Peer 1: 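Take a look at the following structure, please.
We count ligands from 1, going down the list as the structure has it; atoms in each ligand are counted the same way. Just so you know, these numbers come straight off a predicted model, no measurement behind them.
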Amino acid sequence: MSSLVQYEPLVDIVTVKFLDQTEALFSSKNSICNFAEWLQFLAFDVIGQITYSKSHGFVDRGEDIDGMVGYLGKLFSYVAPVGQLPMLDRLFLKNPLLRFLDKHGIMSFTFPVVTFAKARMNERLREIEVMKAHGIDTAATVIGRRGDLLSMFLKAKEDRPAFFHDGRVLTMAVSMAFAGSETTAISLAAVFYYLLKNRSCYARLMRELDEAIDSGIIENRPNGLVTWSESQRLPYLDACVKEAFRLHPAAGLPLERVVPVDGLEICGQLIPGGTIVGCSAWVIHRRPEIFGADVETYRPERWLEANKGTKKSMEGCMIQFGMGARTCIGKNISLLEIYKLVPSFLRRFEVDLASPNKEWRLHNAWFVKQLDFNTTFRLRSMA
Ligand code: HEM
């Protein structure tokens with residue numbers, strides 16, 4: 001995690017903008033906010049900032065620019081069933097006729113996220129060309145200077161040009177937006193939703209935050225911003241985040257693996273090589289023998305009450321980021337974002353559900369998106 005704190009200034013740029021825009025667009029106008037979507041704007045902009053040192057501009061404009069967010073939502077609604085029956089893809093998106101039309105510019109199937117990524121990459125490549133033309137060492141300047149993910153990918157290209165060609169750099173950059181925006185937004189929405197539905201937990205978290213300010217654990221900044229290292233000294237915040245991850249892991253379908261050729265014994269049963277097996281976080285996170293009989297209840301306290309051994313088992317069974325060789329590579333980036341945004345936001349605003357008696361609706365499009373999560377915000381006094 002320590003190396004990721006280098007991204008904190010990039011996350012801060014978007015977080016502060018998000019807090020200011022929340023105040024301008026919602027709290028000062030007394031408007032109702034579609035919080036799930038608003039958090040997605042934030043997550044998308046953070047990914048843009050971390051990947052290209054340039055946010056997509058959603059938070060600034062307060063709207064879904066080029067329909068990128070909506071498009072991604074639709075894409076996942078397609079990917080979820082097609083991922084279970086991959087041959088369907090040949091009929092639809094990978095249909096040779098559609099590919100032909102796309103290739104010859106007759107119909108475009110290029111995702112707006114890809115268009116944005118291509119534009120950023122071309123800007124950066126042009127910059128590097130200019131540097132090279134002036135005899136400037138690109139590795140030490142354009143590539144190394146920014147410290148964003150695009151510079152890391154371009155550095156990999158400089159080091160291993162045969163493997164890490166431009167196509168791979170672009171794929172990596174686009175993957176960041178595909179894998180890191182909805183997931184982080186869904187997880188953030190879960191943290192807030194459960195707090196709003198469990199007011200005593202919300203009150204306890206606010207006590208922890210206010211006391212941390214009084215005792216100097218958190219610096220009292222006028223914009224409410226909390227640093228990563230300050231957030232790590234807030235045990236109840238940690239419990240609330242973990243409990244939201246437990247009850248609402250972003251990925252809603254089993255994480256699949258292929259059994260090695262020699263077969264494998266799983267839970268006492270021999271599974272032949274080549275079999276696709278999978279395991280869902282929604283099931284594992286609700287195992288009573290691990291998490292307790294009240295698995296369906298949101299109770300952050302379980303993370304504070306557990307003894308060392310139980311806590312280790314609980315943490316070992318949390319697979320919201322997957323597990324093993326293909327575990328999430330963006331885990332620490334999203335944790336940085338979540339542990340900073342939640343306390344910063346709650347310091348600055350008092351949050352309420354627009355319809356306190358209504359539940360949110362869930363849509364499992366590979367990622368389990370929340371719908372009808374509408375809120376109001378009131379400025380808090382931070383003196
Ligand atoms: C709370 C936020 C996030 C959640 C819940 C999440 C969840 C996951 C899950 C469940 C997987 C599959 C792991 C497996 O099969 O074992 C995964 C993979 C991946 N994630 Fe995340 N993710 C999050 C944020 C991010 C971010 C911010 C990025 C990028 C900046 C990212 C990039 C990726 C990539 C590239 C993979 C594929 C890794 C591979 O196949 O080797 N994720 N993520």
Peer 1: Per the side-chain contact (heavy atoms from CB on, under 4.5 Å) rule, which among V283, I284, T327 passes with I319?
Peer 2: I284
Peer 1: Could you tell me whether the side chain of W282 and the main chain of P249 form a donor-acceptor pair under 3.5 Å?
Peer 2: yes
Peer 1: Does atom 37 (C) of ligand 1 have a protein non-hydrogen atom under 4.0 Å from it?
Peer 2: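 No; the ligand atom in question lacks any protein heavy-atom contact below 4.0 Å.
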Peer 1: In the structure I gave you, are the side-chain heavy atoms of Y339 and L234 within less than 4.5 Å of one another anywhere?
Peer 2: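 Counting from C-beta outward, Y339 and L234 never come under 4.5 Å.
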Peer 1: Are R302 and D294 close enough for a salt bridge, meaning some N to O gap below 4.0 Å?
Peer 2: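 Yes.
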Peer 1: Verify whether one side chain among Y71 and D64 offers a donor that lies under 3.5 Å from an acceptor in the other.
Peer 2: no
Peer 1: Would you mind finding which of H248, E256, R257 brings a heavy atom closest to atom 15 (O) of ligand 1?
Peer 2: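 Going through H248, E256, R257 one by one, R257 has the nearest heavy atom to atom 15 (O) of ligand 1.
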Peer 1: Heavy atoms only: which of Q320, M176, K331, M172 lies closest to atom 10 (C) of ligand 1?
Peer 2: Q320
Peer 1: Just need the protein heavy atom nearest to atom 13 (C) of ligand 1, so name the residue and atom and give the distance.
Peer 2: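 I find the closest protein heavy atom is R326 O, 3.1 Å.
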Peer 1: Students should be able to answer this: which protein heavy-atom is nearest to atom 8 (C) of ligand 1, and at what distance?
Peer 2: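 Heavy-atom neighbour on the protein nearest atom 8 (C) of ligand 1: C328 CB, 3.7 Å.
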Peer 1: Identify, for atom 26 (C) of ligand 1, the protein heavy atom at the shortest distance, and state residue, atom and that distance.
Peer 2: G180 CA, 3.3 Å
Peer 1: Considering heavy atoms of the protein only, find what lies nearest to atom 34 (C) of ligand 1 and give residue, atom and distance to 0.1 Å.
Peer 2: I329 CG1, 3.6 Å
Peer 1: Out of all atoms in ligand 1, which are within 4.0 Å of some heavy atom of G322? Include the element for each.
Peer 2: 10 (C), 13 (C), 14 (C), 16 (O)
Peer 1: Do M314 and R246 have side chains that get closer than 4.5 Å, going by heavy atoms?
Peer 2: no
Peer 1: May I ask you to identify the nearest protein heavy atom to atom 32 (C) of ligand 1, giving residue, atom name and distance to one decimal place in Å?
Peer 2: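 For this ligand atom, the closest protein heavy atom is A179 CB, 3.4 Å.
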Peer 1: Determine, for F291 and R287, whether the Lys NZ or Arg CZ falls below 6.0 Å from the six-membered ring centre while staying within 45 degrees of the axis.
Peer 2: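 The answer is no, since R287 fails at least one limit relative to F291.
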Peer 1: Applying the salt bridge (Lys or Arg N to Asp or Glu O under 4.0 Å) criterion to D166, which one of K157, K118, R124 satisfies it?
Peer 2: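 One option only clears the test, and that one is K157.
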Peer 1: Looking only at protein heavy atoms, which one is nearest to atom 23 (C) of ligand 1, and how far off is it?
Peer 2: T183 OG1, 3.4 Å
Peer 1: Quick one: look up the protein heavy atom nearest atom 28 (C) of ligand 1 and list residue, atom name and how far away it is.
Peer 2: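 Answer for atom 28 (C) of ligand 1: G330 CA, 3.4 Å.
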Peer 1: Find all atoms of ligand 1 within a distance of less than 4.0 Å from any non-hydrogen atom belonging to M323, and give their numbers and elements.
Peer 2: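 The atoms of ligand 1 under 4.0 Å from a heavy atom of M323 are 16 (O).
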Peer 1: When you measure from atom 1 (C) of ligand 1 to every protein heavy atom, which one gives the shortest distance, and what is it?
Peer 2: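 The closest heavy atom on the protein side is S187 OG, 3.3 Å.
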Peer 1: Any idea which part of I47 is under 4.0 Å from ligand 1, heavy-atom wise: side chain, backbone, both or neither?
Peer 2: side chain
Peer 1: Examine A250 against ligand 1 and note whether any of their N/O atoms are separated by less than 3.5 Å.
Peer 2: no
Peer 1: Please determine whether a side-chain nitrogen of the Lys or Arg among D148 and K54 lies less than 4.0 Å from a carboxylate oxygen of the Asp or Glu.
Peer 2: no
Peer 1: Checking side-chain hydrogen bond (donor to acceptor under 3.5 Å, both in side chains) against E243, which of Y194, W303, Y298 comes through?
Peer 2: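 It is W303; the other options fail the test.
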